[in-house]
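Read through the structure below, which is laid out as structure tokens, and then see the notes.
Below, read A as the first sequence line, B as the second, and so on, with proteins coming before strands; counting in each chain starts at 1.
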There are 2 protein chains.
Amino acid sequence: MVKRTSFEGDACPVARALEALGDWWSLLIIREALLGVRRFGEFQNKLGMAKNILATRLRALVDHGILTTAPASDGSAYQEYVLTPKGRGTFPILVALRQWSEEFDDYPEEIETILVDRAKGRPIRKIELRAEDGRLLTLADTTLKPRPAPRRRSASARSNL
Amino acid sequence: MVKRTSFEGDACPVARALEALGDWWSLLIIREALLGVRRFGEFQNKLGMAKNILATRLRALVDHGILTTAPASDGSAYQEYVLTPKGRGTFPILVALRQWSEEFDDYPEEIETILVDRAKGRPIRKIELRAEDGRLLTLADTTLKPRPAPRRRSASARSNL
DNA sequence: GCCAAATGGTTTTATAATGCAACCACACGA
DNA sequence: TCGTGTGGTTGCATTATAAAACCATTTGGC
């Protein structure tokens, strides 16, 4: 294919997120990382993917600030891939994807795991969208607005730089 | 590339969701659909993508039960692509992606829209994960459990079919 | 009712991304 | 120090993607 079209610089935040997460493997790598996987070989075994594309993806995720490399925690000379705060911040996305499958998948009986509250062992609640004042919102209750112009110093203040 | 590896039949609900949504364009097409876009040409204009791959993606989304084709609502002989309930159910995923960008993007000033509560015009709340009893949960407060065995008729009951 | 333009695609062709397998360097353990 | 495990890289085949050209219907204007 001619070079895959990039969403970098797009004004839509969804497109910007997909620029980093929107390919075939990245979110699965992150899922494993959220479950505690850190080593190259461990990712490769759990995901069963080709090593070259795993290497490519890990590099891209590091470039996007989602993973960082760190010296191995077991004292060996190898390195580990560990989630940054930005990487851990994808957790709600993963949960949303999971809940969508749980609700709409045609063969839900093939799903083998449930995400539970560790303390009680009970399933977590379905994600809800709420207004600032707490009202439950559906798609129809929301709309897009242009972002307010960024606060900018006044001309006089700017000249003080 | 040898045929892209499919996640169909994977036990992980995240992988199953990505099987339908996890490519470069599908979620953006759905985003437009959620905003009310219905016609082929309108998708093509707003997304600026090649017509052949738009056609391919629309077909795939219809196959996955995310979109349906319907006669055009304006009385013309053309058809429209309209979201099914399964398609509208992706809304929380899109919101999660948006909020992730808003929180972690390196150039947030390039984001031009905000999602607001239509009634008040105020931004919506950040998505939260909660336990059954309402406690706020972080990643560390959750864990995966095997899905309980599906309820199955007893042998005697089954013989009554 | 007829012609031009719009709509909604398909086909063709190129190039890039993906996947597999083989290879390789270094670390580690015995 | 020798064999093995870990963590990759390098070819090569094949597919997916994209741009552009092409085409069939539908529509609008007259």
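- Residue Gln79(B) has a polar side-chain atom (N or O) positioned under 4.0 Å from OP1 or OP2 of dG9(C).
- Counting all heavy atoms, side chain and backbone alike, Leu115(B) lies closest to Arg98(B) at N-NH1, 3.7 Å.
- Nucleotide dT15(D) holds its P atom 18 Å from the CG atom of Asp23(B), rounded to whole Å.
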request  = I would like to know whether Phe40(B) and Leu54(B) meet side chain to side chain contact (heavy atoms under 4.5 Å, CB included); could you show each step before the answer?
outcome  = CA-CA 8 Å; Phe40(B) 186 96; Leu54(B) 175 56; 3.9 Å; yes
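- Every residue two or more places apart in sequence or in another chain was checked for a salt bridge (charged side-chain N to carboxylate O under 4.0 Å, His left out) with Glu112(B), and none qualifies.
- In this structure, the OH atom of Tyr81(A) is 8 Å from the C1' atom of dG8(D), given to the nearest Å.
- At whole-Å resolution of the value, CH2 in Trp24(B) and P in dA17(C) are 10 Å apart.
- Of all heavy-atom pairs between Thr69(B) and Gln79(B), the closest is CB-OE1, 3.3 Å.
- Screening residues 39-54 of chain A for side chain to side chain donor-acceptor pair (under 3.5 Å) gives Arg39(A)-Asp74(A) as the qualifying pairs, with residues at least two apart or on separate chains.
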Could you pull out the protein-nucleic contacts involving nucleotides 26-30 of chain D (nitrogen or oxygen on both sides, under 3.5 Å)?
| from | atom 1 | to | atom 2 | distance (Å) |
| --- | --- | --- | --- | --- |
| dT26(D) | O4' | Tyr78(B) | OH | 3.4 |
| dT27(D) | OP1 | Ala77(B) | N | 2.1 |

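- Contact check on Glu128(B) versus Arg130(A) returns no salt bridge, with no Lys/Arg side-chain nitrogen under 4.0 Å from an Asp/Glu carboxylate oxygen.
- Looking only at distances, a side-chain donor or acceptor of Lys145(B) sits under 3.5 Å from a matching main-chain atom of Gly121(A).
- Taken residue by residue, residues 45-68 of chain B places heavy atoms nearer than 4.0 Å to DNA chain C at Lys51(B), Asn52(B), Ala55(B), Arg59(B).
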Under 3.5 Å, which donor-acceptor pairs link side chains of residues 134-144 of chain A to any protein atom two or more places apart or in another chain?
| from | atom 1 | to | atom 2 | distance (Å) |
| --- | --- | --- | --- | --- |
| Arg135(A) | NH1 | Asp133(A) | OD1 | 3.1 |
| Arg135(A) | NH1 | Asp133(A) | OD2 | 2.7 |
| Arg135(A) | NH1 | Asp117(B) | OD2 | 3.2 |
| Arg135(A) | NH2 | Asp117(B) | OD1 | 3.0 |
| Arg135(A) | NH2 | Asp117(B) | OD2 | 3.1 |
| Thr138(A) | OG1 | Ala140(A) | N | 3.4 |
| Thr138(A) | OG1 | Asp141(A) | OD2 | 3.1 |
| Asp141(A) | OD2 | Thr138(A) | N | 2.9 |
| Thr142(A) | OG1 | Leu139(A) | O | 2.9 |

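- Inspection of the Thr90(B) and Arg31(B) side chains reveals no N or O donor paired with an N or O acceptor under 3.5 Å.
- Following chains of ILVMFWY side-chain contacts shorter than 4.5 Å, one can reach Met49(A) starting from Val14(B), so the two form part of one hydrophobic cluster.
- For the segment residues 25-44 of chain A, the set of residues with a heavy atom within less than 4.0 Å of an atom of DNA chain D comprises Arg39(A), Phe40(A), Gly41(A), in numerical order.
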